Amino acid sequence: MPKKIYMVFSEVIMVYILCSVPLSFSAQTSSDIQSYIAQFKQVALEQEREFGIPAPITLAQGILESGAGKSGLTRNANNHFGIKAYGGWTGKIYLAWDDDPQKSPFRVYSSAAESYRDHSVFLKNNSRYKPLFSKSVYDYRGWANGLQRAGYATSPTYAKALIGYIDSYKLYAINGGVKLRPGKTVTITRTITRAELITRKDIQMEETEESEEQEEFERTIRKFVVEINGVRCTILYPGETLSSIAMKYDISKRDLLLFNETTSENDFQEGDIVFLGKKKKKYEGAQDFYKAKNGESLYTVSQHFGIKLASLTKMNHKTSFSVLSEGEKLRLK
């Protein structure tokens with residue numbers, strides 16, 4: 001076991017801090033998300049009234065894209081939605097890492113409210129998102145899936161992540177809507193008013209029911225790790241990609257691949273550990289040995305303990321392609 005384990009519990013999210021680490025860089029906690037919702041709920045509702053974009057969707061995107069306001073882009077540029085400085089932008093720019101081999105220009109806003117409005121204008125004026133505006137403001141599932149299909153983000157789980165946030169934090173109630181069953185959407189058959197809230201039982205979920213996205217979201221978010229073996233790290237949250245992690249922590253994707261000893265972003269799956277610095281040559285915790293579990297590889301063990309793969313293979317007289325047997329004893333130092 002590690003020498004020190006500090007456990008911070010905040011509502012449904014357990015934040016594990018291994019080997020004693022300062023929290024200044026950490027990703028969002030449940031408390032951060034609740035504070036973000038309280039701070040920007042009215043702004044999102046204003047955007048809904050003016051532009052017809054569901055407030056729950058706007059808030060969920062803001063939480064995801066900005067790390068609940070904790071990302072470097074948000075803190076330094078008031079940019080809550082990851083919008084780049086393209087499309088005739090003439091204002092200030094902020095350089096941050098994303099998909100490109102060099103830093104990309106992102107829009108700088110004078111305030112969070114300006115960022116929220118520009119996000120609404122961006123969706124309203126872009127032909128790719130035009131079909132979304134025929135959907136009800138209560139159809140958050142339809143909007144989430146539509147944003148993913150239109151290419152707002154490259155993550156294949158982007159829609160599930162948005163729905164996960166909306167269901168987990170009851171964002172659907174912000175504009176008077178209800179929790180929707182998976183696969184169900186709200187169809188507009190005539191112009192509706194805000195007073196005509198969703199009441200049809202075939203599309204509503206009981207508050208005690210959890211959607212598939214909500215279960216997946218909460219299962220993944222509970223694994224959040226901030227440091228292993230003295231090396232900063234996070235996990236790949238639902239809806240995130242290696243590129244969004246690069247932007248959030250201001251680290252190039254090339255360096256992230258190097259730190260995690262892989263060559264492709266496709267090697268990462270939702271919930272995987274992502275190191276933000278170089279792993280170490282040996283484990284510095286109290287544990288000297290580890291017994292392999294079924295299906296584990298030397299690489300997964302190296303990620304689990306923050307040890308360089310080459311060092312782990314050398315210590316155990318193996319190659320990186322060696323197959324591990326269940327219960328096999330491995331040296332960690």
Side-chain angles (χ1 to χ4, degrees), residues 15 17-19 21-29 32-33 35-36 40 61-86 89 91-112 114-116 118-119 122 152-155 158 161 220-221 223-268 270-280 303 306:
V15 180
I17 308 165
L18 307 186
C19 305
V21 60
L23 289 175
S24 58
F25 75 94
S26 64
Q28 69 268 20
T29 66
D32 292 331
I33 294 170
S35 296
Y36 188 91
F40 297 110
Q61 282 196 283
I63 293 165
L64 179 57
E65 299 289 343
S66 76
K70 299 296 183 180
S71 76
L73 180 62
T74 302
R75 288 184 287 104
N76 293 303
N78 275 318
N79 191 325
H80 286 248
F81 298 94
I83 298 178
K84 291 186 177 180
Y86 300 144
W89 178 256
K92 294 180 180 179
I93 64 170
Y94 178 80
L95 298 177
W97 294 108
D98 67 333
D99 285 306
D100 298 327
Q102 64 281 330
K103 287 189 173 184
S104 297
F106 289 84
R107 300 181 182 188
V108 174
Y109 302 101
S110 60
S111 66
E114 185 184 355
S115 175
Y116 266 72
D118 192 53
H119 168 258
F122 176 79
Y152 190 95
T154 57
S155 169
Y158 190 73
T220 303
I221 209 102
K223 298 177 184 175
F224 173 62
V225 180
V226 294
E227 186 164 329
I228 291 176
N229 203 22
V231 185
R232 294 197 313 164
C233 57
T234 184
I235 63 162
L236 196 64
Y237 276 85
E240 285 193 327
T241 61
L242 206 64
S243 299
S244 63
I245 288 179
M247 184 169 64
K248 183 184 290 186
Y249 293 101
D250 197 23
I251 301 171
S252 72
K253 191 164 71 171
R254 177 181 174 277
D255 282 343
L256 287 174
L257 292 170
L258 180 66
F259 297 154
N260 291 276
E261 301 180 284
T262 187
T263 57
S264 173
E265 183 172 3
N266 296 328
D267 292 336
F268 291 91
E270 188 176 293
D272 282 352
I273 294 168
V274 180
F275 281 93
L276 308 177
K278 291 182 180 179
K279 293 185 288 185
K280 297 185 177 179
Q303 289 289 99

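All residue numbers refer to positions in the sequence shown, counting from 1. Everything numeric here is computed off the predicted structure, so don't read it as measured data.
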How about [X] and [Y]: do any of their side-chain heavy atoms sit closer than 4.5 Å?
X    : Y    : value
N260 : F268 : yes
F106 : D98  : yes
Y109 : I83  : yes
T234 : Y249 : yes
Q61  : Y158 : yes
K279 : Q303 : yes
E240 : I245 : yes
D118 : S115 : no

| request: Return the set of residues passing salt bridge (Lys or Arg N to Asp or Glu O under 4.0 Å) with E265 (not counting sequence neighbours), or none when no residue passes. | output: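 Counting only residues at least two positions away or on another chain, E265 forms a salt bridge (Lys or Arg N to Asp or Glu O under 4.0 Å) with K253.
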
Drop me the distance from [X]'s [atom1] to [Y]'s [atom2], to the nearest 0.5 angstrom.
X    : Y    : atom1 : atom2 : answer
I33  : I63  : CD1   : CD1   : 6.0 Å
E261 : K278 : CD    : NZ    : 11.0 Å
L236 : S244 : CG    : OG    : 6.5 Å

| field | side chain to side chain donor-acceptor pair (under 3.5 Å) between T29 and D32, intermediate numbers included | value | CA-CA 5 Å; T29 66; D32 292 331; 3.2 Å; yes

| query | According to the interplanar angle, ranging from 0 to 90°, do the rings of H119 and F81 count as parallel (below 30°), tilted (30 to 60°) or perpendicular (above 60°)? | reply | parallel

Ignoring hydrogens and geometry, is there a side-chain-to-backbone donor-acceptor pair from [X] to [Y] under 3.5 Å?
X    : Y    : value
T262 : L257 : no
R107 : K84  : yes
D99  : S243 : no
S66  : G62  : yes

Residue pair [X] / [Y]: nearest heavy atoms and the distance that separates them:
X    : Y    : answer
D267 : T263 : OD2-N, 4.0 Å
T74  : S71  : OG1-OG, 2.9 Å
M247 : G82  : CE-CA, 4.4 Å
S155 : G239 : CB-O, 3.2 Å
A112 : F40  : CB-CE2, 3.4 Å
Y36  : H80  : OH-ND1, 2.7 Å

| query | Does the pair L276 and L256 meet the rule for a side-chain contact (heavy atoms from CB on, under 4.5 Å), with working shown? | reply | CA-CA 6 Å; L276 308 177; L256 287 174; 3.9 Å; yes

| note | By ring-ring contact (aromatic ring centres under 6.0 Å, His included), F275 pairs with (sequence neighbours left out) none

| said: Quick one, V231 with F259, criterion side-chain contact (heavy atoms from CB on, under 4.5 Å). Give me CA distance, side-chain angles, the key distance, then yes/no. | reply: CA-CA 10 Å; V231 185; F259 297 154; over 6 Å; no

| said: According to side-chain contact (heavy atoms from CB on, under 4.5 Å), who are the partners of I93, at least two apart in sequence or on a separate chain? | reply: A85, W89, L95, P105

